Every structure is written in C-alpha cells, then in structure tokens.
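Step one of this worksheet: look at the structure below.
Given the structure is predicted, the values throughout are model-derived calculations rather than measurements.
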Amino acid sequence: MRSSQRSGDASEADLAAFVADAWPSLVRTGFLLTGSQAAAEDLVQESLLRCLGPWRASGPPAKALAYVRTAMVRQAVRWRRARRAYGIDGPELRVSDGADDRAESDAVRRALRTLPMDQRAVLVLRFYDGFTVNEIAEVLQIAPGTVKSRTSRALAALRAGGLLGTHDTTDLEAPHG
C-alpha cells in the first residue's frame with residue numbers, strides 16, 4: 001500500500017512541477033485567445049482540470065503541453081459559442097497585470113480579437129508559442145494544409161484591416177524562451 005501511495009505522490013509531484021513550469025506560457029496563450037487576464041487564468045485552470053483525470057489514470061502524455069493547449073483552444077471555442085448563444089459576444093473584461101509586453105500591447109490584442117477563433121488560435125500557436133505547422137495541426141486535429149490556409153487568411157485579414165504591415169509578421173512575434 002505504501003508503494004502505491006508513493007507512486008501516487010510522485011505523479012502528483014510530477015503534475016505540480018508541470019503546472020509550475022508551464023503556467024506562464026499557458027496563461028499567455030490563454031490571454032491571447034481570450035483578451036483577458038482573468039479569463040486566461042480561468043481557461044488554463046479549467047483545461048488543466050479536464051486533463052487531470054486522464055493524467056492520474058495513465059500519466060501525462062508525451063506532449064503534455066500540446067495536450068493542454070488543445071484543451072484550451074477547444075474550451076475557448078466553447079466559451080465563444082456560449083457567449084454568442086446568449087447574445088453576450090461583446091468585448092470581454094480586460095485586466096492588465098504587466099504580463100508579456102507584446103501580449104499586452106493594445107494593437108496586437110485588438111488585431112487578434114478581429115479574427116475568428118480558428119484563425120486566432122493558429123496565429124497564437126504559431127507566432128507566440130512557436131509551434132510548427134505540423135505541431136499546430138496535431139494540437140488542433142486539422143490537416144497541415146488547413147493550418148497554412150487559416151494562417152494565410154488571418155494574416156491577409158490583418159493586412160487588409162491595416163493591422164499588420166504588408167510583408168511583415170514580426171509585429172506578431174514574441175521572444176521565445
């Protein structure tokens with residue numbers, strides 16, 4: 001009995017370490033998806049809770065960060081649909097807490113909020129989280145060609161709206177590391 005308790009403690013410790021390491025990155029992703037620091041933290045917490053049951057049963061998957069981000073994108077889409085269904089799809093609460101300067105920039109935040117969630121998710125995963133096209137396809141469970149077309153449409157929409165230079169995507173890029 002003690003050995004199984006130790007094993008359970010170890011998995012809980014591993015999960016706690018994962019959350020501590022990944023939290024800032026996940027909250028930044030959540031902020032870019034929702035436009036709100038408070039909503040971002042709720043999104044991360046809810047997504048982690050959704051992952052907790054399966055992880056306790058079989059341990060975190062090999063690509064745990066991608067797994068949580070998948071849960072986050074799906075939950076953000078569910079939230080957006082629910083807001084629309086109840087007729088409350090207006091601006092969300094915005095709370096500034098001094099997080100990543102680029103993520104906090106009003107111009108970037110406004111630009112991302114003009115995009116549909118599927119395009120916003122692709123840009124956030126690509127330019128802020130540094131995922132490759134194949135990694136994004138895996139996270140969102142779509143074809144790599146769909147990732148490319150959503151990225152292209154999103155960047156074209158930002159350019160057409162004057163929210164992005166005609167040839168430059170560095171306005172969207174955040175430092176990695």
Side-chain angles (χ1 to χ4, degrees), residues 18 22-36 39-51 53-55 58 60-86 88-92 100 102-103 105 107-177:
F18 168 78
W23 183 263
S25 174
L26 292 172
V27 170
R28 181 187 68 206
T29 299
F31 179 83
L32 292 166
L33 291 171
T34 65
S36 162
E41 291 176 2
D42 288 347
L43 180 63
V44 173
Q45 289 176 14
E46 189 164 328
S47 299
L48 286 168
L49 283 173
R50 287 179 180 270
C51 297
W55 287 9
S58 60
K63 296 183 178 181
L65 199 55
Y67 187 84
V68 174
R69 283 200 171 96
T70 300
M72 289 173 60
V73 169
R74 290 182 181 161
Q75 185 60 38
V77 168
R78 282 191 291 273
W79 285 357
R80 161 102 5 142
R81 287 180 184 153
R83 290 176 59 83
R84 283 188 180 152
Y86 290 105
I88 53 173
D89 195 38
E92 298 174 18
D100 185 310
R102 289 201 179 241
S105 123
V108 171
R109 189 171 55 210
R110 279 193 306 267
L112 287 171
R113 291 205 29 86
T114 65
L115 299 172
M117 181 57 74
D118 60 343
Q119 293 176 12
R120 185 187 317 179
V122 168
L123 291 186
V124 168
L125 293 173
R126 175 68 184 107
F127 293 106
Y128 283 91
D129 293 326
F131 281 34
T132 66
V133 168
N134 289 335
E135 289 170 334
I136 295 168
E138 184 178 329
V139 166
L140 299 180
Q141 295 182 337
I142 57 177
T146 304
V147 172
K148 292 176 185 178
S149 64
R150 286 182 184 177
T151 301
S152 177
R153 283 193 306 261
L155 294 174
L158 293 176
R159 287 183 188 110
L163 301 171
L164 184 65
T166 55
H167 301 294
D168 192 14
T169 58
T170 58
D171 295 356
L172 293 174
E173 295 186 62
H176 303 292

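The structure places CG of Leu26 at 11.5 Å from CD of Gln45, a figure rounded to the nearest 0.5 Å. Here the CG-CD distance, from Leu155 to Gln119, works out to 9.0 Å after rounding to the nearest 0.5 Å. If you take CG on Leu123 and CG on Leu125, they are separated by 9.5 Å, rounding to the nearest 0.5 Å. Distance check: Leu115 CG to Leu158 CG gives 4.5 Å after rounding to the nearest 0.5 Å. Residue Leu33 holds its CG atom at 11.0 Å from CZ of Arg113, rounded to the nearest 0.5 Å.
Taking 4.5 Å as the limit, some side-chain heavy atom of Glu41 sits within range of a side-chain heavy atom of Trp23. Counting heavy atoms from C-beta outward, Cys51 and Tyr67 have side chains that approach closer than 4.5 Å. No side-chain heavy atom of Thr29 sits under 4.5 Å from any side-chain heavy atom of Val44. Counting heavy atoms from C-beta outward, Trp79 and Leu43 have side chains that approach closer than 4.5 Å. Leu32 is not listed as a side-chain neighbour of Phe127, based on a closest heavy-atom distance of 4.5 Å or more.
Closest approach of Phe18 to Ala64, counting heavy atoms only: CE1-CB, 3.7 Å. Among all heavy-atom pairs drawn from Met117 and Val77, the shortest one is CG-CG2, 3.4 Å. Considering every non-hydrogen atom in both Arg28 and Asp129, the closest pair reads NH2-OD1, 3.0 Å. Closest approach of Thr34 to Arg120, counting heavy atoms only: N-NH1, 4.2 Å. Nearest heavy atom pair, residue Gly130 against residue Glu135, reads O-OE1, 4.2 Å.
Take Arg50 and apply the salt bridge (charged side-chain N to carboxylate O under 4.0 Å, His left out) test, not counting sequence neighbours, and it matches Glu46.
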Distance-only criterion, 3.5 Å: show the donor-acceptor pairs between side-chain atoms of residues 138-147 and protein atoms not counting sequence neighbours.
| unit_1 | atom_1 | unit_2 | atom_2 | d |
| --- | --- | --- | --- | --- |
| Glu138 | OE1 | Lys63 | NZ | 3.4 |
| Gln141 | OE1 | Arg74 | NH2 | 2.2 |

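Using modelled atom types, one side-chain atom of Thr70 and one backbone atom of Ala66 make a donor-acceptor pair closer than 3.5 Å. Of the possible donor and acceptor atoms, none in the side chain of Ser25 sits under 3.5 Å from a partner among the backbone N and O of Ala22.
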Checklist line | Pair Leu65-Phe131, side-chain contact (heavy atoms from CB on, under 4.5 Å): steps then yes or no | finding: CA-CA 11 Å; Leu65 199 55; Phe131 281 34; 5.5 Å; no
